[in-house]
Amino acid sequence: MKTTIQFGPQHPVWVEPLRLKLTMDGEIVKDCELEAGFCHRGLEKKFEWDYNKGAYLSERICGICTQHHSTCYCTAVEGTMGLEIPRRAAVIRTIMLELERLHSHLLAIGLTLESIGFENLFMLCFRNREIVLDMFERTTGNRVLHGINIVGGVIRNIGPEMAKELEDFCDIMEKRCLDLKDMILKSYTIRERMQGVGVMSEQLARDLCVVGPVARGSNVPYDIRAVAPYVLYNEIKVKPIVETSGDCWARSVVRVRELFQSIDIIRQCIPLLADAGEDIFAKSKTLPEKEYFTRVEAPRGELFYYAKGKKSKEMDRIKVRTSTYGNGPGFVPLIKGSHLADVGLITITFDPCIGCFDR
Amino acid sequence: MSLIELSRKKSPWVIHVGTGGCNGCDLEILACLTPRFDASRFGVMSTGNPKHADIMLVVGPVTLKYKEIITNLYNQMPDPKVVIAVGTCASTGGIYQGCYGHCGSLDKVVPVDVYIPGCNVRPEAVIDGLVLGLDILNEKERKILEEKKKSKGAA
Amino acid sequence: MLKILANIGKNLISKPYTSNYPFTPYQHFPGVRADVTFDGTKCILCGLCQRSCPAECILIHKEQEQIEYLNTQCIRCGYCVRVCPTNAISQNEVYTKPSRQRLTVYTKVTNENAPVIKKRMAAEAAKKAAAEKPATAGTGPAKPAGEKKVDEKKTSA
Amino acid sequence: MDVKTVTQQEMQDVARRLRAAGTRLITIVGYDSGDTIQVSYFFQPFPEGKAETYRVVVPKHGGNEEVESITPIFPAAYIAENELAEMFGVHVKGVPGRFFLHESINAPLRRKAP
């Protein structure tokens with residue numbers, strides 16, 4: 001007998017609305033239909049706007065990867081004007097990007113663990129996350145929406161004192177992440193629950209062009225920081241972290257290992273602050289007129305902005321392609337044939353961000 | 001004070017609804033329930049089921065597709081109920097003013113009792129809002145009890 | 001096993017991690033962004049903040065010589081603080097408390113260098129000079145400076 | 001950013017060639033210039049190489065424009081083509097053309113012809 005189950009839009013597993021229409025045969029999912037658009041606000045239309053205000057709007061596409069969104073937007077608009085930002089601004093942006101990856105990955109790991117019922121580690125992840133948020137509050141003035149990126153640079157400087165605090169922060173964070181890593185990787189329960197669930201084969205990952213930890217969990221070493229370096233990644237070489245098995249476990253392990261990579265990059269960036277000049281903002285002399293696109297490796301994967309100016313303050317067209325947009329087609333083949341109890345776990349290891357997906 | 005009223009005052013259950021803003025305020029509500037700003041100290045518990053909830057925390061401007069769903073959720077909640085608009089978007093629309101995809105602020109769809117301004121809100125502000133929401137919950141409870149008494153007396 | 005015991009001992013001694021917020025005062029780092037305040041003695045009513053605000057939360061009423069600031073609609077981005085030519089806008093560090101209504105703050109501008117006010121005063125002086133005999137009536141608006149007022153926003157967006 | 005403008009038929013061949021070479025599709029961007037709709041396809045060679053852009057220009061015919069679908073070649077194009085169809089009010093062959101938008105809204109990014 002076949003039954004249809006509506007999974008979402010209001011579901012305890014996801015914070016955000018998304019609907020999956022599951023056709024069930026007993027406990028096994030036979031067919032799955034994805035319905036999105038519950039978060040669609042119409043931001044691409046709104047972006048035909050003053051380009052300075054656009055930086056604040058792009059931040060509010062997604063609250064988890066704000067810095068990535070605004071960096072990508074600002075780089076795209078700077079490209080249309082042919083503007084180059086000062087070196088110090090680039091260093092500050094890189095530090096912020098990596099800090100954000102830390103807090104996003106901790107959030108994703110925590111939510112994954114919560115969805116399999118491991119409340120303790122979820123709380124521990126959030127406890128560690130608070131340190132990152134404190135660091136954000138000190139450097140940028142807000143916990144989540146940072147608002148320091150503007151077209152042409154950044155608005156808040158990181159002084160020598162703050163740089164020292166960042167170093168201390170790295171030490172504390174590394175210690176805590178090591179604890180967390182031990183607890184997750186050595187846990188028999190977690191491994192047994194997640195291994196072999198929701199396997200995405202390497203061929204499927206290449207066919208569907210999935211991005212970020214989902215692709216890297218399936219042995220596709222696709223990382224924009226290595227493929228097409230942006231702000232400071234020309235100097236700081238990043239080697240993509242790859243796992244081979246392609247299941248929920250592999251995707252989580254990629255995120256755990258990337259925590260240390262991020263801490264390492266922040267450590268490499270701090271000495272660069274000392275001899276980077278004092279300018280953090282370059283004023284543009286021209287208006288946006290050409291077309292340009294940029295890509296940034298957000299915590300969830302590749303983030304793409306296309307900008308086209310029309311020689312006035314207003315932009316002509318901004319297209320946003322977010323990482324969940326790239327991972328969206330990957331839900332359906334994995335859910336087909338799995339158990340109903342695994343649907344929540346599989347989707348949460350994709351780290352879906354519906355605010356990004358629908359814009 | 002009846003037992004139900006006491007338990008409601010001591011332990012309000014909240015339902016967290018994200019209607020399509022950025023996730024900033026969603027995260028801060030999660031941060032509220034986790035170790036740093038542990039709202040469970042006041043007995044606040046997050047539930048996924050609107051039928052068990054006393055307080056609805058709504059985040060984000062109400063998108064056109066979500067309008068119907070949020071009225072359903074509101075109607076499923078038992079009386080007395082309190083709706084808290086968390087963040088600028090839910091209160092007035094915020095930066096998404098004039099976008100075609102949403103129908104503006106939350107109070108055009110369901111009645112709102114508490115507005116928490118801030119973009120994004122701080123967890124402290126959410127705790128303040130919950131405390132204010134509890135007062136309103138008690139007021140509403142008392143009103144319902146009085147009406148019941150009156151109707152009993154009339155009968 | 002020993003590690004667990006050590007951990008238990010450590011946790012017994014250490015302070016609780018949870019901040020005791022409503023019972024202890026609010027703590028924050030310097031430079032935190034919250035809502036903005038307008039300085040009526042510095043503002044020149046140029047309207048730059050109104051045009052640059054992404055959330056359209058600042059309304060400048062030139063005739064009434066006052067600034068209407070929709071606190072609930074503000075997104076705390078700090079762009080108006082950066083564009084203000086006279087540094088009349090400053091950013092607070094303490095968040096706005098929740099309320100039962102939407103918050104709107106009115107600020108009366110008293111800066112005599114503002115072009116609008118200069119014009120009005122010049123006009124008043126001219127009027128006074130032209131008609132010495134009839135006494136001029138008080139032209140000041142009803143609301144005093146810096147008054148905070150809570151009311152429902154009348155028009156919808 | 002260098003753009004190669006191709007016709008719709010050539011685009012199919014280009015897509016097939018790139019698919020065989022293991023190229024990744026980044027996204028499809030639509031743009032309404034007033035009297036034409038430009039559809040740009042962004043590709044990223046993998047594992048290394050510079051991103052490539054191909055553009056198809058479709059003249060406007062009052063809402064009856066047809067764009068060839070590349071979803072059979074690149075499965076990843078499904079969402080992007082749906083979005084293109086619903087945002088600009090064009091017909092992309094073989095996709096339903098309603099994914100994000102509410103029923104009450106039609107082609108929000110389409111502009112009026114000058």
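By convention in this document, chain letters (A, B, ...) are assigned in the order of the sequence lines, proteins followed by strands, and residues within each chain are numbered from 1. Note that the structure is a prediction, hence the values are computed from the model and not measured.
Summarising the local packing, CD of A:Glu289 is surrounded by more than 12 heavy atoms from other residues, nucleotides or ligands at distances under 6.0 Å. No more than 12 heavy atoms of other residues, nucleotides or ligands lie within 6.0 Å of CD in A:Glu161, so this atom counts as exposed by the packing criterion. Within 6.0 Å of the NZ atom in A:Lys311, the count of heavy atoms belonging to other residues, nucleotides or ligands does not exceed 12.
Considering every non-hydrogen atom in both C:Pro54 and A:Tyr56, the closest pair reads CG-CD1, 4.1 Å. Between C:Val32 and A:Glu137, the closest heavy-atom pair is CG2-OE2, 3.5 Å. Considering every non-hydrogen atom in both A:Lys53 and C:Arg51, the closest pair reads NZ-O, 2.9 Å. The minimum heavy-atom distance between C:Arg33 and A:Asn142, with the atom names listed, is NH2-CB, 3.3 Å.
With rounding to the nearest 0.5 angstrom, the SG atom of C:Cys77 is 9.0 Å from the CD1 atom of A:Ile155. Remark: A:Asp179 CG to C:Asn7 CG distance equals 8.0 Å, nearest 0.5 Å.
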Working for side-chain contact (heavy atoms from CB on, under 4.5 Å), residues A:Ile150 and C:Tyr79: CA-CA 10 Å; A:Ile150 48 172; C:Tyr79 190 33; 6.0 Å; no
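If you measure heavy-atom distances from A:Arg143 to chain C, you find no contacts under 4.5 Å at all. Proximity to chain C (any heavy atom under 4.5 Å) is restricted, for A:Leu145, to the backbone atoms N, CA, C and O.
The candidate from C:Pro30, C:Ala34, C:Cys53 with the greatest count of non-hydrogen atom pairs under 4.5 Å with chain A is C:Cys53.
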